[in-house]
Structure formats: structure tokens, C-alpha cells
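Everything on this sheet refers to the single structure shown next.
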Amino acid sequence: MRIYNTLTAKKEDFVPVKPGAVRMYSCGITAYDHCHIGHARSAIVFDVMRRYIRYKGYAITYIRNFTDIDDKIINRGHQEGMAWDAVAKKYIDEYYRDMDMLGVGRADVEPRATEYIAQMIHIVKGLVEKGFAYESEGSVYFEVAKFGDYGKLSKRDPDDMMAGARIEVNEKKKSPMDFALWKASKEGEPAWDSPWGPGRPGWHIECSAMSLEHLGETFDIHGGGADLIFPHHENEIAQSEAFTGKPFVKYWVHNGFITVDKEKMSKSLGNFFTIKEILGKFDSEAIRFFLLSTHYRSPIEFSDEQLKEAEASIDRYYTTVLRVRDFLGLDHAKEKASSEEKALEEVLSGFITGFREAMDDDFNTALAIGGIFELIRVLNKYLDGKPSGRHSMELVTRSRELLKEVGAVLNIFARTPEEWYKALMSVKHIGLSEADILLKIDQRQQARANRDWAAADTLRKELDSQGIVLEDKKDGTTWRVKV
RNA sequence: GGCGACGUACCCAAGUGGCUAAGGGGGAGGUCUGCAAAACCUUUAUGCAGCGGUUCAAAUCCGCUCGUCGCCUCCA
């Protein structure tokens, strides 16, 4: 397995620190606002990495944190007239609702910053003792100049950054580059006792403390959105490595942004769409599929158009699933080969290998999905050849199982076609119940029996205009939601 | 200003030295069908932003040019 490492800017062979076991940490959210589709991308990307690593047979421990104390949370509390911890709770609850919808599994440990104050103080104290940090008016800052490797992740030279005029000047810091490990709290602000007086943790220290506690001094994979590379992850490296004297993380992994009109989706630009909003228009599986149909490091342009294409792809998949089920339910007394038998056997024999090769190459989910649809096409072609008998059933069953196997890793295509159509009905606001539809189908069948094609076509058109498509088959008529 | 990424068909998107440049969506034509739908077939890139170079061989490596975007400030 090869993974692109931000630290070395190269794809590297993945060799875990401890053979057979993988320790992975990804930065979760600061719980102060609704999550947008960018948060969804990050969560889904790491969810798939975790599932694939597990599929490969590693024992994986996956940690994803919540930042539940932060200036933004405190400010939001003032705006909404809520206590800061109530704000955090509200948005963590909402996060879980969104992620459950999107099929993002829970991490093995989901630590919250406020539960690790003691460990953070311990590290900050250690850094002061080792001379990497200094106290100033009740706050403690990390002295960047003392850490020689500073900038190694984000590929920056601290001297160049000093030249830039965008760094705030703070009288309490020795250098504008220095960052807060511990912040003195003012009257009325949330505070914990510390050797430097009442205060609260700086943003970066929590990840160092929580990963140290659960994963140890050196672990395998640390991830997050590309916007966390600097300063967040750079600072984590500085404080963790200064404290332990050991390498912090072996592989740094960062996902790309979601763009709108080619620009990065962000809070400050105001061009973001919340997960909740999008779930009102599209099914969660379409969102997940959309996010996995591009390599995780590339930017993805977000648009309704794209989501619709994802929907169409998924529909194609479930249509084939339905076809497979119909096929397996047929009478297979007669042995008859499909002309496409060789082609299907060939695709099946290389299918899992192809999937693994794609995923082994820096989690190339886009290529993996391409492989899935190649099998779908060949399988459809095979079924068009009207095969029958034991061997055909074996081939089709095998196809179904392999598709299920890889779908489980990506956590897509796990539903029944009925569940898919039901979801589509809800998200597309089809104003008909299944009973309504079946009634119309029945009426149409009678018209057809009377060879009253005009009446039959009227009924078909009527349903079509309401988003329902009919399919006449030998043994009856079935319906689908139009995508 | 410093650092970095990207530019593949009508749209999205894999492919980063060597078989016919994956896959999805859309368009056109066809097979099937009472009509449809689905599925399948053909077609839609002798070419991968442009120009040079390296090589027996380049979308893929190197250089330049143009264009787009990101990070350097909270940000997934």
C-alpha cells in the first residue's frame, strides 16, 4: 500500500510502526456551527481509509477528536445566548446526526478537549521545563525559534514568514510566530486551574495530548483537511516532538478542498452548503458517492449537477442489482451459456485484485469505482445473453458477492433497490404513495389487456410527469423513481 | 512577495514513460418493445492548455509561456 505523505511530498510504501497494527488520528471539528460539505468530505475520506486498512487485515485504532472549548465556541455562546458547553453539545449532536446519515462510522475513541485538560497542562509544563515554552501574563507560548524543524510539514522557512506582514503583533509574545499553548482566561470566561493561573488550552495542544494518551509518542497516520497543514499540524509537530523527543507521526495525510465556482468553500467567503441543506435535496448515498468519485487530494467542484450525476450512477447500480435478483429467481433447470460468459469470467477473476491495486495506490477510490462499473457493464451484457442453469447462477452470485465486498469498504451500495427508491421518493418529494402507484399500474394493465394503448400510455405519462417510470416485463410491470 | 497544486472529450473524472487514453453523465444513431423504460451496441479525444526539449518511445520526464486555484490569518 502506498500513501502520499505531506511531510515528504511523495507517495511512500506504507509500513506501520508496529507490524500489523495501524494507529490513525484525524482532526475532527470545532463544535461551534453547522457542518458543511467540506467537513463531510474529510470525515468520509478518513472513514474509507479506515475501512480499507481494516479490510487489508490490519488491526486499526482510529481516533477522531472534538474541539469543545475554543474562542469561536465562546463567541457563539454569546451570540446565541447559550453557555459555551451547551453550544459544543448542540453542534456535536448535530455532527453525529449528519455523519450517521452519510455512513461515517464512529471512531474507536472520540475524545473531547475538555476531558484532557490535565494531560495538556502536563505537556505544557514539560515544554516550559525543557525551555521550548515560556509563560507571559498567565499565558504560555511555544517558542518557535527553539524548535529547529519548524516548517518541515508546510515547507516554510520561519524567517520568510516573519517577513510577511500578516502575522498579528502581540505584546505578550517574544516573536509573532510563537503560538499559544495555554491562554489566560479573563473574568467570566471558561477557565481551568493551572500552574499559570486560571486559563484554557490553546487550539493545537489538545491533539498532541489526546493522541499521546491513546496512540503513544509515535503513531502511523495523522490526517485532516489541507487547510490544517499550517498552522495546526505544524504546531502539533513542534510541541509533540519537542516534548517527547521522538518523531510524532509517520504519515501525514490531507484531503483537498471542495470548491464552489472554482473557489474554496469556506466560512469566510460564505459560499458553503451545510450537510443538512444538501440532505434536503439529495440522498446521502449520492453525496458519499460524489465525494468518493474524485481522488481525495484533488479539489472537487460542488454543484447540483454533480450530485445528479452521482445519483444517476447509483441508480444504474441498483437497477443492475434488481436485474440480478430477478435472474436468480428464475427457473434454472435448463443449462444455457451466455455468449458473454468468457468476458464475465475474465472481469470477475481480476476484480478484487483491481480493486486492491486501486486502493493500495493512495486510496484511489475513483479508479475503484470505475472498476465497479466495468463489472456492472459486463454483467448486464452477460444477462442480456439470457443464460440459464447452475453455472450462470454461480457466476452471477459471485458477481453479486464481489460487488458487495468492495461496496462494504467504500460503504456505498449497501442498500436494497427498494430502499434506494424509497429514499429517492422522499428526497425528490414524490407526492404518491406506493399504493397510488400500484393502483395506476393495475388500471394500466387492464387497459393493456383490452389493447387500449391510448389509455395505457396516458397512465404511463401521468406517472412519468410525477417522477415515476414504469417498466413492462414479461411477468408484470415494475416502477422506478426517475432520477 | 514566498511556497505549492492543477489544466485529459460536450460535462465530471482515472491514468504520471511503452498494449485500442478507465469509468460515469449528456448528445446522436441502432437492437429490443404495442409504445416505452432498462440493458446492450455504434458514435462523440490520431489526441491529453500552448510551444520547445530529452528518449527507440511522453498525456506521463525537463524548460518556458498562458490560464485557474490553494496556503502564508480562523478554516475540513
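Please read all numbers here as calculations on a predicted model, not as lab measurements. Letters A, B, ... are given to chains in the order of the sequence lines, protein chains preceding strands, and every chain is numbered from 1.
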Round to a whole Å and report the spacing from [atom1] of [X] to [atom2] of [N].
{"X": "I369(A)", "N": "A22(B)", "atom1": "CD1", "atom2": "P", "result": "18 Å"}
{"X": "D227(A)", "N": "U73(B)", "atom1": "CG", "atom2": "P", "result": "13 Å"}
{"X": "L7(A)", "N": "G4(B)", "atom1": "CG", "atom2": "P", "result": "15 Å"}
{"X": "F179(A)", "N": "U73(B)", "atom1": "CZ", "atom2": "C1'", "result": "16 Å"}
{"X": "I229(A)", "N": "C74(B)", "atom1": "CD1", "atom2": "P", "result": "15 Å"}

*Contact class for G225(A) (heavy atom, under 4.0 Å): base, sugar-phosphate, or nothing?*
sugar-phosphate
*Using a 4.0 Å heavy-atom cut-off across all strands, classify K308(A) as base, sugar-phosphate, or nothing.*
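Nothing: the residue K308(A), judged by heavy atoms under 4.0 Å, touches no strand.
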Strictly distance-based, threshold 3.5 Å: is any side-chain N or O of [X] a donor or acceptor partner for the main-chain N or O of [Y]?
{"X": "D452(A)", "Y": "A455(A)", "value": "yes"}
{"X": "Y318(A)", "Y": "Y421(A)", "value": "no"}
{"X": "R288(A)", "Y": "G103(A)", "value": "yes"}

*Kindly indicate whether a cation-pi arrangement holds for R156(A) with F230(A), taking the cut-offs as under 6.0 Å to the six-membered ring centre and within 45° of the axis.*
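Geometry flag: set, cation within 6.0 Å and 45°.
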*Kindly confirm or rule out a cation-pi arrangement of R297(A) over F363(A), judged by NZ or CZ under 6.0 Å from the six-membered ring centre and within 45° of its axis?*
no
*Which dot-bracket string describes RNA chain B (Watson-Crick N1-N3 plus N6-O4 or O6-N4, or G-U N1-O2 and O6-N3, all under 3.5 Å; [ ] crossing; | other strand)?*
((((((((.[[[..)..(....]]]((((((.......))))))....[[[[[..)....]]]]])))))))....
*Tell me, please, which residues at least two apart from H232(A) pass ring pair (Phe, Tyr, Trp, His ring centres under 6.0 Å).*
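Here the qualifying residues are W203(A), H204(A).
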*Could you list the residues that satisfy ring pair (Phe, Tyr, Trp, His ring centres under 6.0 Å) with Y32(A), not counting sequence neighbours?*
none
*asked:* Treating primed atoms plus P, OP1 and OP2 as sugar-phosphate and everything else as base, which nucleotides of nucleotides 7-19 of chain B get B, S or - for protein heavy atoms under 4.0 Å?
replied: ----BSSSS----
_Contact pattern, 5' to 3', of nucleotides 33-39 of chain B - B, S or - by protein heavy atom under 4.0 Å_ = -BBBBSS
*Below 3.5 Å, does any donor atom in the side chain of K264(A) face an acceptor in the base of C69(B), or the other way round?*
no
*Taking the side chain of K267(A) as heavy atoms from C-beta outward, which of A76(B), G2(B), G25(B) is closest to it?*
A76(B)
*asked:* Would you measure the distance from the C1' atom in G25(B) across to the matching atom in A76(B) and give it in whole Å?
replied: 28 Å
*Looking only at atom P, what distance separates G2(B) and A59(B), rounded to whole Å?*
33 Å
*Side chains of Y52(A) and D360(A): is there a donor and an acceptor less than 3.5 Å apart?*
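Yes, side-chain donor-acceptor contact under 3.5 Å.
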*Nearest-nucleotide 5' precedence on RNA chain B, H36(A) against G371(A)*: G371(A)
*Testing I412(A), L375(A), I372(A) for side-chain contact (heavy atoms from CB on, under 4.5 Å) with V406(A), which one passes?*
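Exactly one pass, corresponding to I372(A).
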*With sequence neighbours left out, what residues match D85(A) under salt bridge (charged side-chain N to carboxylate O under 4.0 Å, His left out)?*
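By the salt bridge (charged side-chain N to carboxylate O under 4.0 Å, His left out) rule, D85(A) matches no residue at all.
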